[in-house]
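Remarks on the structure that follows.
Residue indices begin at 1 and follow the sequence shown. Side-chain atoms are counted along with the backbone in the values below, which use heavy atoms only and exclude waters and symmetry mates. Remember, predicted model here, so these are calculated numbers, not experimental data.
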Amino acid sequence: MSILRQLTKRILTAFVPSRLLLTRGPRHAPNKRPRLALTFDDGPHPLHTARLLDVLCAARLKATFFVVGKDAAKYPALIRRIAEEGHEIGNHTWSHGDPVMTSPRDFLGEVHQTDELVRNLTGGIPRSMRPPKGELNWTKLTGLWRQGKTVALWNIDPRDYRMSDTGEAAVWASRYQPGDGDVLLFHDNHPWAIAAIERMNNRGVFNEYQSVTISELIQQEMPEMRPVTSVQATASTP
Ligand SMILES: [Zn+2]
């Protein structure tokens, strides 16, 4: 990515609310349990997604799956299972085409096509969208915003698609230092995320950090009801 594009991305993510463009979730209140979002791209995959769902279920973790429409159409039962088990389904286009070769019109058409499929399968339309490779131009970005989408990028990338065995995934997971609001990018069309999640779970990451979906991560906290105000008012009364 060019320096200019990196800079544009940094400026955008600094000033645009996270419900429109997310790379990392907002910091949580200091007295609350910190949170992180596990995200899985490029599925569903008949073997890896099913095994991953078993692992998430056993560890009681919630995640977001950015699904490719044409594969979702091939494995509808997995899409229903993802939704039924309380995970969030995000949109990752229909064909996962090369962003440079895909016009804004085709791109937005693919997003709509995937939305419709997910709606037919689960009754809900994905609120979050992740463009393939995180690549967007202004027309695509504003088009997604007009559709009410949260464009969900990430701030932690283990590059699991480049790994070659479970040992590599476990090493990454042993070294990962979690931060409040982290959005982790994994891929469920590869097997390695499963070992990484298991290792993170075994070392107690999810005892300290709550694993939440993208929508949960960006939800603004309701301001607390304040008996504090009345206490202050009372205290200031002479
Ligand atoms: Zn992808």
Side-chain angles (χ1 to χ4, degrees), residues 5 8-28 35-44 62-73 76 78-97 99 102-155 181-186 188 211-223:
R5 283 170 67 200
T8 309
K9 198 161 152 185
R10 279 194 184 188
I11 291 169
L12 267 177
T13 50
F15 292 103
V16 172
S18 51
R19 74 184 156 76
L20 293 178
L21 181 62
L22 173 79
T23 49
R24 180 181 185 163
R27 296 262 194 286
H28 218 25
R35 304 175 302 174
L36 50 79
L38 302 172
T39 69
F40 302 97
D41 287 14
D42 297 358
K62 291 288 175 273
T64 304
F65 288 79
F66 287 95
V67 302
V68 176
K70 67 179 172 57
D71 295 320
L78 278 173
I79 297 299
R80 290 196 195 95
R81 183 178 166 196
I82 291 170
E84 280 162 10
E85 295 187 2
H87 306 292
E88 181 172 348
I89 296 178
N91 188 320
H92 199 42
T93 73
W94 184 265
S95 68
H96 204 283
T102 310
S103 70
R105 185 193 167 97
D106 289 347
F107 173 84
L108 294 169
E110 286 201 20
V111 171
H112 178 70
Q113 191 181 358
T114 305
D115 272 356
E116 284 303 301
L117 176 76
V118 174
R119 186 165 65 100
N120 287 335
L121 293 174
T122 68
I125 288 186
R127 178 181 166 179
S128 311
M129 197 279 153
R130 177 171 287 159
K133 302 181 182 177
E135 296 279 336
L136 279 176
N137 61 25
W138 187 249
T139 315
K140 292 176 184 175
L141 181 63
T142 50
L144 289 171
W145 287 347
R146 273 197 295 275
Q147 292 183 13
K149 295 282 187 243
T150 297
V151 176
L153 303 177
W154 59 88
N155 71 313
D182 276 357
V183 179
L184 291 87
L185 166 66
F186 292 103
D188 59 326
S211 151
V212 296
T213 65
I214 290 291
S215 289
E216 288 167 340
L217 189 69
I218 59 179
Q219 235 166 34
Q220 290 298 320
E221 295 223 284
M222 294 298 288

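- Arg130 pairs with exactly one of Asn91, Val151, Asp41, Thr93 by the side chain to side chain contact (heavy atoms under 4.5 Å, CB included) rule, that one being Asp41.
- Once rounded to the nearest 0.5 Å, the distance linking CD of Glu135 with OG1 of Thr102 reads 11.0 Å.
- Scanning all heavy atoms of the two residues, the minimum distance from Leu78 to Pro44 falls at CD1-CB, 3.9 Å.
- Arg35 places no side-chain N or O within donor-acceptor distance of the main-chain N or O of Gly25, the cut-off being under 3.5 Å.
- Atoms CD1 and OG1, from Ile82 and Thr64 in turn, are 10.5 Å apart once rounded to the nearest 0.5 Å.
- Within the 3.5 Å criterion, the main-chain N or O of Arg119 finds no donor-acceptor partner in the side chain of Thr122.
- Taking the side chain as every heavy atom from C-beta outward, Leu21 and Thr23 never approach each other to under 4.5 Å.
- Interatomic distance, Thr114 OG1 to Met129 CE, rounded to the nearest 0.5 Å: 7.5 Å.
- Summarising the geometry, atom CG belonging to Leu184 is positioned 7.0 Å from atom CG belonging to Asn155; distances are rounded to the nearest 0.5 Å.
- Within the 4.5 Å cutoff, no side-chain heavy atoms of Leu217 are placed close to those of Glu88.
- Looking at heavy atoms from C-beta onward, Ile214 lies in side-chain contact with Phe66 at the 4.5 angstrom threshold.
- Of the possible donor and acceptor atoms, one in the side chain of Glu110 sits under 3.5 Å from a partner among the backbone N and O of Trp94.
- Residues satisfying the salt bridge (charged side-chain N to carboxylate O under 4.0 Å, His left out) criterion with Arg127, sequence neighbours excluded, are absent altogether.
- Within the 3.5 Å criterion, the main-chain N or O of Ala63 finds a donor-acceptor partner in the side chain of His87.
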Is there a side chain to side chain contact (heavy atoms under 4.5 Å, CB included) between Val212 and Lys62 once you walk through the steps? CA-CA 5 Å; Val212 296; Lys62 291 288 175 273; 5.9 Å; no

With side chain to side chain contact (heavy atoms under 4.5 Å, CB included) as the test, would you mind laying out the steps for Val16 and Trp145 before giving the verdict? CA-CA 11 Å; Val16 172; Trp145 287 347; 3.9 Å; yes

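- Under the 4.5 Å side-chain criterion, counting only non-hydrogen atoms from C-beta, Arg24 is in contact with Asp182.
- A parallel orientation is assigned to the rings of Phe40 and Phe186, their planes being inclined by less than 30° (bins at 30° and 60°).
- With a 4.5 Å cut-off on side-chain heavy atoms, Pro131 and Lys140 do not count as touching.
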With side chain to side chain contact (heavy atoms under 4.5 Å, CB included) as the criterion, how do Leu136 and Leu144 come out once you've worked through the C-alpha distance, each side chain's angles and the decisive distance to 0.1 Å? CA-CA 10 Å; Leu136 279 176; Leu144 289 171; 4.0 Å; yes

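- A search for salt bridge (charged side-chain N to carboxylate O under 4.0 Å, His left out) contacts involving Arg81 returns Asp54, Glu85, not counting sequence neighbours.
- Between the side chain of Thr150 and the main chain of Ala152, no donor-acceptor pair closer than 3.5 Å is present.
- The nearest pair of heavy atoms linking Ser215 to Ser128 is OG-OG, 4.3 Å.
- At a threshold of 4.5 Å between non-hydrogen side-chain atoms, the residues Val118 and Ile125 do not count as touching.
- For the pair Gln113 (side chain) and Gly69 (backbone), a donor-acceptor distance under 3.5 Å is absent.
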Go through it in stages, so that I can follow the logic: the residues are Leu153 and Val183, the test is side chain to side chain contact (heavy atoms under 4.5 Å, CB included), and I'd like the CA-CA distance, side-chain angles, deciding distance and then a yes or no. CA-CA 8 Å; Leu153 303 177; Val183 179; over 6 Å; no

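- Put simply, CZ on Arg80 and CG on Leu121 are 5.0 Å apart, with the number rounded to the nearest 0.5 Å.
- The OG1 atom of Thr39 sits 9.5 Å away from atom CG of Leu22, with the distance rounded to the nearest 0.5 Å.
- Residues Ile79 and Leu117 form no side-chain contact, since every pair of their non-hydrogen atoms from C-beta on lies 4.5 Å or further apart.
- When every heavy atom of Ser95 is checked against every heavy atom of Lys70, the shortest pair comes out as O-CE, 3.8 Å.
- Residues satisfying the salt bridge (charged side-chain N to carboxylate O under 4.0 Å, His left out) test with Asp42, not counting sequence neighbours, are none.
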